[in-house]
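Beneath this line is the structure, given in structure tokens, with notes to follow.
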Amino acid sequence: MAQGIFLDLVSRSPRETQHLGSYLGELAQAGDIFLLRGGLGTGKTCLVQGMAQGLGSAEPARSPSFVLVHCYEGRLPLYHIDLYRLECVEEVVELGLEDYFYGKGVCVVEWAERALSIFPPEHMLISLAYLSPRRRSLRMEPKGKRYEEMLEQVRYQIAAGRG
Amino acid sequence: MNILGIESSCDETSAAVVADGTRILSNIVASQVEIHARYGGIVPEVASRQHLIAFVTTIQETLSQAQISWSELAAIAVTVGPGLVGSLLVGVNLAKAIALARHLPLIGINHLEGHIYAHWLEGNNPPAFPALCLIASGGHTELVVMRGHGQYQPLGRTRDDAAGEAFDKVARLLGLGYPGGPVIETAARTVTTVPITLPRAWLKGSDDFSFSGLKTAVLRLIQKAEPKAAILAASFQEAVVDVLVTKTVAAAKKHRVKEILLAGGVATNETLRRHMASHSPIPVRCPSPALCTDNAAMIAACGYFHLKAGQIAGWDLDVAPNLMLR
């Protein structure tokens with residue numbers, strides 16, 4: 001069953017979370033969308049920092065809570081979107097994020113749970129949770145063929161000892 | 001020479017008239033804090049709509065308070081970034097329209113540089129170069145050496161959350177309200193017992209900052225349902241101030257600057273101002289609180305020095321939401 005596919009990972013440090021992000025950044029293609037959900041301090045920004053590195057951005061990723069969208073220039077532009085400050089779906093709709101979703105870059109959205117229904121149906125959903133002071137769980141759920149393939153590549157890399 | 005400043009990078013709609021980059025003739029700030037307090041932060045669409053509503057009155061009031069007419073203005077300076085794109089657009093397009101209609105030169109200003117120029121509005125004794133600027137606000141935490149007007153050497157910045165953002169997020173976690181800085185400072189004042197020592201990210205060998213781990217540490221303590229909000233607020237504030245002061249003073253010594261200039265909304269924090277002054281062998285300047293938070297007078301002051309340097313924008317002037325100080 002397609003919707004049942006997922007991969008559970010445990011990160012043992014911020015460094016490991018960044019490492020996984022960096023690998024996702026390397027795999028990313030134009031138009032890819034990553035939706036992150038998980039509370040404060042579960043490693044979302046940390047994962048995005050890795051993605052920016054993996055995409056070859058010279059500028060380190062920082063929390064965009066204040067301005068809502070940061071853009072990092074690398075192999076592809078990475079649009080780092082943060083919905084922390086928003087309360088309801090209507091507010092997110094008014095932001096007009098479509099320009100980013102259907103653009104030439106890669107999108108990663110923090111606090112995606114604020115508006116899960118408005119995102120394009122095909123995406124990689126990553127749920128982060130706190131396990132212990134250093135450990136975090138990450139569940140990757142691909143929605144659509146492109147992301148199922150990406151997940152296979154992640155599995156392969158992990159089996160090969162990376163990530 | 002009178003400059004009209006326009007600022008709308010975030011939730012303050014502000015217009016000001018400043019003479020010769022140093023004398024405030026008027027500085028009107030229409031704040032949306034009450035509107036945003038309901039949400040625990042800035043809501044971008046609400047912000048740009050409010051700017052649109054507030055600007056016309058704000059500008060009229062600014063000119064009438066300054067007791068000058070349109071013909072007595074030499075230029076218009078407007079914030080182009082960093083900030084919320086929708087909010088910036090309102091200010092920039094308004095500035096363009098006025099400049100076009102009144103045949104005035106248009107000057108685009110970096111909001112972060114504007115914050116530093118609050119220091120030129122504080123009397124007749126301007127800062128001496130080189131100076132080390134700590135710009136700490138809801139969106140930024142930057143350490144920059146200023147070697148002259150328009151000459152910046154960035155040293156470090158936050159790697160994750162801005163200092164003011166950490167205050168906002170922790171205030172929300174503690175149920176204290178918004179904006180985070182003042183509510184945490186007020187709660188912390190009620191504490192007489194020694195606060196808990198929270199972790200500090202020193203990032204040794206770098207002038208960067210990190211406040212994300214501190215926010216997470218507060219969250220874990222709340223989840224354990226341990227201390228009272230006021231105690232956590234005091235401990236959190238102490239940790240942020242300790243890191244900001246220690247790293248700023250170290251950088252100031254290393255770069256042999258003549259002065260330390262605090263800027264940005266976080267610079268209104270009394271504990272920060274006091275600790276910075278008492279821990280630094282180098283003179284520390286803090287603008288008055290009303291000039292630390294977002295305002296158009298600082299934009300107009302900065303605009304004056306750009307105008308003197310011949311830095312005038314074309315009609316293609318655009319917003320730059322992710323602008324940095326270089």
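None of these values were measured; they are calculated from a predicted model. Chain letters run A, B, ... following the sequence lines, proteins first, then strands; residues in each count from 1.
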With a cut-off of 6.0 Å (strictly less than), are more than 12 heavy atoms of other residues, nucleotides or ligands near [atom1] of [X]?
{"X": "Arg155(A)", "atom1": "CZ", "value": "yes"}
{"X": "Tyr152(B)", "atom1": "OH", "value": "yes"}
{"X": "Arg12(A)", "atom1": "CZ", "value": "no"}

*asked:* Exactly one of Leu173(B), Val218(B), Asp161(B), Thr216(B) should register a side-chain contact (heavy atoms from CB on, under 4.5 Å) with Leu40(A). Which one does?
replied: Leu173(B)
*pair Glu165(B)-Tyr84(A): side-chain heavy atoms closer than 4.5 Å*: no
_When you compare the side chain of Ser63(A) with that of Lys215(B), does any pair of heavy atoms fall below 4.5 Å?_
no
*Checking Arg159(B) side chain against Gln49(A) main chain: does a donor-acceptor pair fall under 3.5 Å?*
no
*Among Pro60(A), Cys71(A), Pro64(A), Pro14(A), which has the most heavy-atom pairs under 4.5 Å with chain B?*
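Result: the option with the highest number of such pairs is Cys71(A).
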*Pick one of side chain, backbone, both or neither for Ser212(B), based on which atoms fall under 4.5 Å of a heavy atom in chain A.*
neither
_Contacting moiety of Asn322(B), where chain A heavy atoms sit under 4.5 Å_ =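 Only the side chain of Asn322(B) comes within 4.5 Å of chain A.
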_Nearest-0.5 Å distance that lies between atom CZ in Arg62(A) and atom CZ in Arg157(B)_ =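 Interatomic distance, Arg62(A) CZ to Arg157(B) CZ, rounded to 0.5 Å: 5.0 Å.
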*Structural part of Val69(A) lying under 4.5 Å from a heavy atom of chain B*: backbone
